[in-house]
Undergrad: 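Sharing a structure, written as structure tokens. Questions coming.
These numbers come from a predicted model, not from an experiment. Note on naming: letters A, B, ... go to the chains in the order of the sequence lines (proteins, then strands), and numbering restarts at 1 for each one.
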Amino acid sequence: MTPLFAIGAAPLEVDRIAATLAGAASDSADSDGAVVTFLGLVRNHNMGRRVHYLEYEAYEPLALKAFERIGREAAARWPDARLALHHRVGRLEIGEASIAIVVRSPHRGNAYAACRYAIERVKQIAPVWKREFFDGGDVWVEGATANPDDEGARAEAERLACA
Amino acid sequence: MTPLFAIGAAPLEVDRIAATLAGAASDSADSDGAVVTFLGLVRNHNMGRRVHYLEYEAYEPLALKAFERIGREAAARWPDARLALHHRVGRLEIGEASIAIVVRSPHRGNAYAACRYAIERVKQIAPVWKREFFDGGDVWVEGATANPDDEGARAEAERLACA
Amino acid sequence: MRVTVRLFARLRDITGAAELARDTAPGATIGEIWRDLAREFPELTGYERSISTAVNADYARMDTRVAEGDEIAFLPPVSGG
Amino acid sequence: MRVTVRLFARLRDITGAAELARDTAPGATIGEIWRDLAREFPELTGYERSISTAVNADYARMDTRVAEGDEIAFLPPVSGG
């Protein structure tokens, strides 16, 4: 059985993740009216550079805890929404999916919001790094300083989720 | 080859719809960083009634034109986002998907917005009707008076898309 | 002048027909066709303010004039998605 | 007192090691361990204000005290998703 939260090197299987989520609360699944899915794909360019491929690295046990935390935050904010989140690590080619987030809810508004919130929070607090390999070199991409207790960052994720 | 816009009785195949969308502009597909998917599911209850199943009916040629119009509206508002939209008709059981919308874009914000916009516009202007079969009877659900030229409704869809 | 009238969802239930052939005066508007139909099926009257209409599978207005052979559709409030 | 230090992404490139064993005084804080490391690898200094840190795979603060056998992680700004 695929878990709700995972990080690893295997290609992401959205159908299996969605099936796990549907089965995770089979008594309430029949009252869900919306499924919103987000896939993050490896792009062939970034900041003007032509990208050949990416390598993702993670502090896996902490990443898993961060995903579970994001799930709890989303459940606190949108109690009727349920979420699954898988992240991939290792070498990823252009067009491959690095992250899959699936949300089910009785109502589409909450499903969209919780799904968007989750990806914003991943980018803020998940201990995952991507290394870009481009023409003539490579670089570790560095985004946000991870701080799960930064309420300003959390509020910004909620704002982007249009909640 | 699955078309980008379709309406019919066959079960919705999200993977094929997504593959069509990825292939529809294969030169730009490699610059897409986000795929957002919406599935509308048949719920087991509505307005306090226990629903047994639904029947969807459509004025199919006009529905198809409405979907294409929604695609053009989304492309005008989010030029880097591309959209596929399939709606199902006929009898649908609890938990089955009545609509699938897939959006690809270089940027996740536009993918979320265009996807949400599209489902709101479907509910406003697609000539599709659902009949609910519940304990002790059935009823045609009636929502919005369809008027594609109603700019107020269109602006409301954009507002819900958090654009 | 002969036109085809198509009816959907509850409008179809009220008239008992998904499709009707109707004769109408040259230059008639969709609104005139609707009002004739509502005289024939009084239960339709309640939909006067909430229906949409189409000619040959394109949205139209009640004051749109119809031509020989046109397919006129009357659409109750929609509930897709 | 012996602890394990884990380093990720560019911090790992700078130190040349994903994992280091370090001896430290009892009651040392994570910040003290970091500053020792930055003396050893001066290129780390630029990260002082942007790193996060964890103890035994839970987020922690620079003033968190460490214990024998703890796994301390230093995390440069993240870029997942």
Side-chain angles (χ1 to χ4, degrees), chain B residues 7 38-43 46-47 54-70 85-89 92 97-101 115-132 138-150 153 157, chain C residues 3-22 29-35 37-38 41-81:
Chain B
I7 184 159
F38 174 79
L39 284 183
L41 305 183
V42 178
R43 296 194 295 162
N46 191 31
M47 298 192 291
L54 295 185
E55 276 180 15
Y56 276 91
E57 168 178 329
Y59 186 17
E60 295 194 14
L62 182 57
L64 202 55
K65 286 180 189 171
F67 298 162
E68 289 164 350
R69 178 195 177 104
I70 292 167
L85 194 166
H86 286 213
H87 203 301
R88 198 172 162 197
V89 292
L92 272 79
S98 53
I99 186 167
I101 302 172
C115 190
R116 178 76 193 269
Y117 179 83
I119 180 61
E120 299 304 326
R121 288 299 273 161
V122 165
K123 287 174 178 285
Q124 289 175 349
I125 68 166
V128 179
W129 300 270
K130 79 177 164 193
R131 186 178 199 160
E132 240 176 55
D138 66 82
V139 67
W140 283 105
V141 180
E142 295 182 346
T145 295
N147 177 5
D149 298 325
D150 179 347
Chain C
V3 298
T4 301
V5 175
R6 295 196 57 179
L7 298 149
F8 292 90
R10 211 168 99 70
L11 306 189
R12 179 166 51 73
D13 286 354
I14 289 171
T15 61
E19 194 170 317
L20 295 167
R22 282 293 177 272
T29 63
I30 294 177
E32 284 159 12
I33 295 169
W34 169 260
R35 282 185 289 276
L37 211 61
F41 303 101
E43 253 195 288
L44 291 180
T45 311
Y47 279 92
E48 169 112 24
R49 288 158 167 271
S50 63
I51 51 164
S52 303
T53 183
V55 177
N56 300 328
D58 273 315
Y59 278 111
R61 295 159 36 129
M62 290 301 251
D63 60 4
T64 302
R65 292 185 188 282
V66 302
E68 169 72 25
D70 277 353
E71 176 177 291
I72 317 304
F74 292 115
L75 316 170
V78 300
S79 54

Undergrad: Report which part of Glu55(B) has an atom under 4.5 Å of a heavy atom belonging to chain C: side chain, backbone, both, or neither.
TA: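 When you check distances to chain C, no heavy atom of Glu55(B) falls under 4.5 Å.
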Undergrad: Given a strict heavy-atom distance threshold of 4.5 Å, which part of Lys123(B) is in contact with chain C: side chain, backbone, both, or neither?
TA: both
Undergrad: Check whether any side-chain heavy atom of Leu44(C) lies under 4.5 Å from a side-chain heavy atom of Trp34(C), and answer yes or no.
TA: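 Yes, close enough: below the 4.5 Å cut-off.
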Undergrad: Within the distance-only criterion (no hydrogens, no angle test), does the side chain of Glu32(C) pair as donor or acceptor with the backbone N or O of Thr29(C) below 3.5 angstrom?
TA: yes
Undergrad: As an exercise: rank Ser52(C), Ala57(C), Ala73(C) by heavy-atom pairs under 4.5 Å with chain B and give me the winner.
TA: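 Top option by heavy-atom pairs under 4.5 Å: Ala57(C).
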Undergrad: Quick check on Ala146(B) against chain C: is it the side chain, the backbone, both or neither that has a heavy atom closer than 4.5 Å?
TA: both
Undergrad: Can you tell which part of Asn56(C) gets under 4.5 Å to a heavy atom of chain B, answering side chain, backbone, both or neither?
TA: backbone
Undergrad: Heavy-atom distances under 4.5 Å only: say whether Ala63(B) touches chain C with side chain, backbone, both or neither.
TA: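 Looking at Ala63(B), nothing touches chain C.
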Undergrad: Against chain B, label Arg61(C) side chain, backbone, both or neither, depending on which of its atoms sit under 4.5 Å from a heavy atom there.
TA: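 No part of it gets close to chain B.
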Undergrad: For Pro148(B), which atoms come within 4.5 Å of any heavy atom of chain C: side chain, backbone, both, or neither?
TA: side chain
Undergrad: Which of these, Trp129(B), Trp140(B), Tyr56(B), sits in a side-chain contact (heavy atoms from CB on, under 4.5 Å) with Ser79(C)?
TA: Trp129(B)
Undergrad: Any side-chain heavy atom of Phe41(C) sitting closer than 4.5 Å to one from Leu11(C)?
TA: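 A side-chain contact is absent here, since even the closest heavy-atom pair is not under 4.5 Å.
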Undergrad: Between Ala54(C) and chain B, which part of the residue has a heavy atom less than 4.5 Å away: side chain, backbone, both or neither?
TA: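 Looking at Ala54(C), just its side chain touches chain B.
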Undergrad: Could you tell me whether Lys65(B) and Glu60(B) have a side-chain N and a carboxylate O separated by less than 4.0 Å?
TA: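 No, Lys65(B) and Glu60(B) are not salt-bridged.
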Undergrad: For the residue pair Ile99(B) and Arg88(B), establish whether any side-chain heavy-atom pair is separated by less than 4.5 Å.
TA: no
Undergrad: Using a 4.5 Å cut-off on heavy atoms from C-beta on, say whether the side chain of Arg131(B) contacts that of Glu57(B).
TA: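 Side-chain contact under 4.5 Å: no.
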Undergrad: Mind ranking Ile125(B), Asn147(B), Ile119(B) by heavy-atom pairs under 4.5 Å with chain C and telling me who comes out on top?
TA: Ile125(B)
